[in-house]
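Convention: sequence-line order gives letters A, B, ...; per-chain numbering from 1.
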Number of protein chains: 2
Amino acid sequence: MTRGRPIAFSPDEAANAAMQVFWARGYESASTRDLLEAMRLSRSSLYQAFGNKEQLFLEALRRYRESLLARLERRLEAAPSAMGFLEMLFCETAQEAGSERAALGCLIFNSASELGQQDGLPSQHARQSIVAITALFQQAVMRGQAEGDIAPKRNAAALASYLTMGMAGLRTLLKSGATTDQASQAVELLLDGLRR
Amino acid sequence: MTRGRPIAFSPDEAANAAMQVFWARGYESASTRDLLEAMRLSRSSLYQAFGNKEQLFLEALRRYRESLLARLERRLEAAPSAMGFLEMLFCETAQEAGSERAALGCLIFNSASELGQQDGLPSQHARQSIVAITALFQQAVMRGQAEGDIAPKRNAAALASYLTMGMAGLRTLLKSGATTDQASQAVELLLDGLRR
DNA sequence: CCATTTATGGAACGATCATTCCATAAATGG
DNA sequence: CCATTTATGGAATGATCGTTCCATAAATGG
């Protein structure tokens, strides 16, 4: 059925390489040269396989979001308690302070900050990804409330927004060079807000 | 003493116009065309008066920072209580949800997010501006502790980082289209963290 | 092996980027 | 009014942007 020369690269690996570039440089600042070099393919192949820069970004963001959410859902499910999951997540992130990983931040929050309330699909998808993160936090909060670790009187949606705000702020702190102490102390206070 | 033709524009107004452009579009995405149009002067005059784009940005960021800090210090000083000042600040910001003002965000947090841990002066100055904001928060926290409104046992520096994290996160929430309810609920929980 | 189909490398395009330069306009002090 | 100084408008520069196009290489099914 398939005719002609088959592609010589892995679309999967190429998309992941593109994701790394957008993650490190941002949507607009990532040039096609950067992308081609990281993806190790020619201009023709990029446009043939991924359409254009915008579509490539959407694919990269989609992969990042789905990979992140899948990992978080898996960890939440496997965690002895939802509160423990949240503690682990935020404390581990705070521990990244000073590292290259911390300087990268999170592709979703990075993109939301860069693209703001623009009209195009990249901005819309970034914002929708934040909604998805908040939904996952709300799941965790509700389970934590059922388990008795999280204040049951509080509105779960409000606590979820609070956590998204906290993670977004934590990412900004880390990007702007906060120390491990600063980040982990801030996270400790944030997590205290769940208990009472 | 001064000889020759005097400049036909107000350097002060021109710098403020440039600040608006960097605020709305970001450092890299703000083109010299955007800047010239907003500042209403010719290329020659821009380079003559401000050096280049980087120096113009540094001047814009400096103005934004000093104006913001001066306003906040004034409001803190005038406030009946430091806790009241913080409540007012965060609640007012949350109320911006959905507005054009919310979509702009804060030039300092925007720049810190865009420029991350880069080597150049723009990045360094953005990060230093966040340090200055945290210092102001710490002042407010210490006064709030003295006034009995803020948990006296807590480390003031830790609470200050917590507030900077909160404001950074709140700005991200607002940029990504959070509703007034989401933002103000998250802020309420954040402020509760100061009391206990 | 051949005709067909598809991928590939690289040149080329037009647009825009930040910056420089120069001829000219305009205001000055004397 | 003149010589001098500075600001101004706009053209020019070289680089880079995202994208398109085309000739060629490579693999296919028959």
Check your understanding: In Å, rounded to the nearest 0.5 Å, how long is the span from CD of A:Q128 to CD1 of A:I133?
Key -> 11.0 Å

Review point. Starting at the 5' end of DNA chain D, which residue's closest nucleotide do you reach first, B:R43 or B:A8?
Key: B:A8

Practice item. Any chance you could encode DNA chain C as dot-bracket? Rule is Watson-Crick or G-U wobble with both distances under 3.5 Å; [ ] for pairs crossing earlier ones, | for another strand. Key: ||||||||||||||||||||||||||||||

Exercise for review: Confirm from the modelled atom types if A:S45 and C:dG9 form a donor-acceptor pair under 3.5 Å, side chain to base only.
Suggested key: no

Exercise for review: Give the rounded distance in Å between these two atoms: CG of B:L35 and P of C:dT16.
Suggested key: 16 Å

Check your understanding: Between C:dG10 atom C1' and A:L46 atom CG, what is the distance in whole Å?
Key -> 15 Å

Check your understanding: Rounded to whole angstrom units, what separation is found between the CD atom of B:E54 and the P atom of C:dC17?
Key -> 19 Å

Exercise for review: Report which part of the nucleic acid B:S42 touches: base, sugar-phosphate, or nothing (heavy-atom distance under 4.0 Å, all strands).
Suggested key: base

Review point. Any luck finding a side-chain donor-acceptor pair between B:S129 and B:R65 under 3.5 Å?
Key: yes

**Study point:** Set of ring pair (Phe, Tyr, Trp, His ring centres under 6.0 Å) partners for B:Y47, sequence neighbours left out
**Key:** none

Exercise for review: Return each pair, listed once, that meets salt bridge (Lys or Arg N to Asp or Glu O under 4.0 Å) where at least one residue sits in residues 45-59 of chain A; pairs must be two or more places apart or across chains.
Suggested key: A:E59-A:R62, A:E59-A:R63

Point to revise | Length of the line joining A:Q48:CD and D:dC21:C1', which is rounded to integer Å | key: 13 Å

Practice item. Calculate the interatomic distance between B:M39 atom CE and C:dA18 atom P; express it in whole Å. Key: 13 Å

Practice item. Identify whether any heavy atom of A:A49 sits under 4.0 Å from a base atom; if not, whether one sits that close to sugar-phosphate; answer base, sugar-phosphate or nothing. Key: nothing

Exercise for review: Could you list all the salt bridge (Lys or Arg N to Asp or Glu O under 4.0 Å) pairs where at least one residue sits in residues 136-155 of chain A, not counting sequence neighbours?
Suggested key: A:R143-A:E147, A:R154-B:D192

Review point. What's the CZ-C1' distance between B:F57 and C:dA18, to the nearest Å?
Key: 16 Å

Study note, to complete from the structure: So CD of A:E87 and CD of A:E188: to nearest 0.5 Å the spacing works out to 10.0 Å

Check your understanding: If we ignore angles and hydrogens, is there a donor and acceptor under 3.5 Å between the side chains of B:S161 and A:Q185?
Key -> no

Check your understanding: Of the residues in residues 15-33 of chain A, which ones touch DNA chain D at a heavy-atom distance under 4.0 Å?
Key -> A:A30, A:S31, A:T32, A:R33

Check your understanding: Under the ring pair (Phe, Tyr, Trp, His ring centres under 6.0 Å) test, which residues partner A:F57, sequence neighbours left out?
Key -> A:F22, A:Y27

Point to revise | Of the listed nucleotides D:dG18, D:dC22, C:dC21, the one nearest the side chain of A:Y47 | key: D:dG18

Practice item. Would you please say whether a donor-acceptor pair under 3.5 Å links the side chains of A:T164 and A:T134? Key: yes

Check your understanding: For the pair made of CD1 in A:I7 and C1' in D:dA25, what is the distance, rounded to whole Å?
Key -> 16 Å

Check your understanding: What is the distance from CD of B:E37 to P of C:dA18, rounded to the nearest Å?
Key -> 14 Å

